[in-house]
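Structure record follows, encoded as structure tokens.
Naming convention: chains lettered A, B, ... in sequence-line order (proteins, then strands); numbering from 1 in each chain.
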There are 2 protein chains.
Amino acid sequence: MTADDDTAAHLPAPGRRDILEAAATAFTRNGYAATTIDDIAREMGATKGRVYHYYRAKADVFLDIVTAGMQELIDGIEPIAGNGGLDPATRLWRMAHHHAGLMMTRNSFQRVAMRAVEMRRLGEAPAQQQALETVIAMRDRYEQIFADVIDEGREAGEFREVDSRLATKPLLGALNWISLWYDPQRGDYNTRQRLADEYADFIVGGLRRSPR
Amino acid sequence: MTADDDTAAHLPAPGRRDILEAAATAFTRNGYAATTIDDIAREMGATKGRVYHYYRAKADVFLDIVTAGMQELIDGIEPIAGNGGLDPATRLWRMAHHHAGLMMTRNSFQRVAMRAVEMRRLGEAPAQQQALETVIAMRDRYEQIFADVIDEGREAGEFREVDSRLATKPLLGALNWISLWYDPQRGDYNTRQRLADEYADFIVGGLRRSPR
DNA sequence: GTCTATATGTGGATAGAC
DNA sequence: GTCTATCCACATATAGAC
């Protein structure tokens, strides 16, 4: 895509991986603008020389985190959505469940990814602006996967008569919100599972035909 | 609470009101940290001298917006929640509907208010830190109003067996998310109403006893 | 009350030693 | 590849003219 190694988001080089983890933690704590390169370096017990050896700018670190986060979402959901052996409501339930899980287990990356989508611009550099729009495109594609399953469920009579594209908003809003309040320090596997169950029930219930 | 006029949030003085509107717009556009005092001043066709005449620091402007936003939410919801003449499901529907409406019509204030809740600290000043915790307390109180209605609905057999406090998370998450994607420039009264209807249906549906 | 300086601190980014 | 030292731009906040 650019002069940079465009596979970095999927398989970050070892040196980069540490930086992304540290930066994701720092961005989650204080937000993108308020986080300094020194903060990121301190988070991994280094100084900023290390960060600038691997990345040209703070925005590039941010974009790598965001892209990785979005890719994790897509990779996890696609096989479920495409599983024709399951009825749409069950598929949607599992997609919501999986998404909820990622918001907890991959909290720092996912929380940073959320932020990117609401950003209009990242700085002055047009290359970074274009990268940001690529992320928005990934988000749109992700929403469409959900919308398609909702359409199938509506046509199968499982769901109410909704605008599927619009219906993804409350659905994903509820799920994404987890990344803002969930404390990854607390909670074990079982509590995370119960929580994801509750979310998936809520979401599928919200789309089902009303009982009366 | 502090040496400042603590009623300012409810009835801002005329000079302050303009600043809050301009700042809310600017914060919504670029985020708190990335917004400069010059940005705020430019937004209202003035220079920073005006801003600093009314506010000691950027954080104080932010806190006034956030407090006003939270107060708008509480003021709107309390009378609905306390209307004993309506069954819990109807009350919850109207509360969700009203909340959704505020996310759209008062987008800039509400979006800034959302941000405050996810911030851990606002700066070094302990007075501002305390003010931020006061905002968190308002948020907790607000969630409790929803939780109480959910409890009533569960006891009345309208809702599923849920942990009411936990149930407010997907509910308010879905609603709060509106402030992030809704474009206040677009959409008239009718489209806002339809959207709020859809959200309220989704939310009450998500809590109702499953049809099967 | 609103403006134009300006003091002061901080943070992104670079250069170059090791 | 990692560090320290430094440049420079910019943003908060203040001083003081009008």
Next on the checklist: I'd like the 5' and 3' limits of the part of DNA chain D contacted by chain B, with heavy-atom contacts below 4.0 Å.
Outcome noted: dA11(D) to dT14(D)
Checklist entry - Nucleotide by nucleotide, 5' to 3', does protein get under 4.0 Å of the base (B), only the sugar-phosphate (S), or neither (-) in nucleotides 8-15 of chain C, counting heavy atoms? => result ---SBBB-
Checklist outcome for this item: So CD of Glu143(B) and CG of Leu171(B): to nearest 0.5 Å the spacing works out to 10.0 Å
Checklist entry - Parallel, tilted or perpendicular: which fits the ring planes of Phe27(A) and Phe62(A), with parallel below 30° and perpendicular above 60°? => result perpendicular
Next on the checklist: Strictly distance-based, threshold 3.5 Å: is any side-chain N or O of Arg91(B) a donor or acceptor partner for the main-chain N or O of Leu86(B)?
Outcome noted: yes
Checklist entry - Does Asp64(B) offer a backbone N or O that forms a donor-acceptor pair with the side chain of Thr67(B) under 3.5 Å? => result no
Considering only distance and modelled atom types, tabulate donor-acceptor pairs under 3.5 Å from the side chains of residues 34-42 of chain B, sequence neighbours left out.
from, atom 1, to, atom 2, distance (Å)
Thr35(B), OG1, Ala26(B), O, 3.3
Thr35(B), OG1, Gly31(B), O, 2.5
Thr36(B), OG1, Asp38(B), N, 3.4
Thr36(B), OG1, Asp39(B), N, 2.9
Thr36(B), OG1, Asp39(B), OD1, 3.4
Thr36(B), OG1, Asp39(B), OD2, 3.3
Asp39(B), OD1, Arg42(B), NH1, 3.2
Asp39(B), OD2, Thr36(B), N, 3.0

Checklist entry - Just wondering, are more than 12 heavy atoms of other shown residues or ligands nearer than 6.0 Å to CZ in Arg139(A)? => result yes
Item to check | Evaluation steps, side chain to side chain contact (heavy atoms under 4.5 Å, CB included), between Leu73(B) and Met103(B) | outcome: CA-CA 9 Å; Leu73(B) 286 173; Met103(B) 291 295 137; 4.1 Å; yes
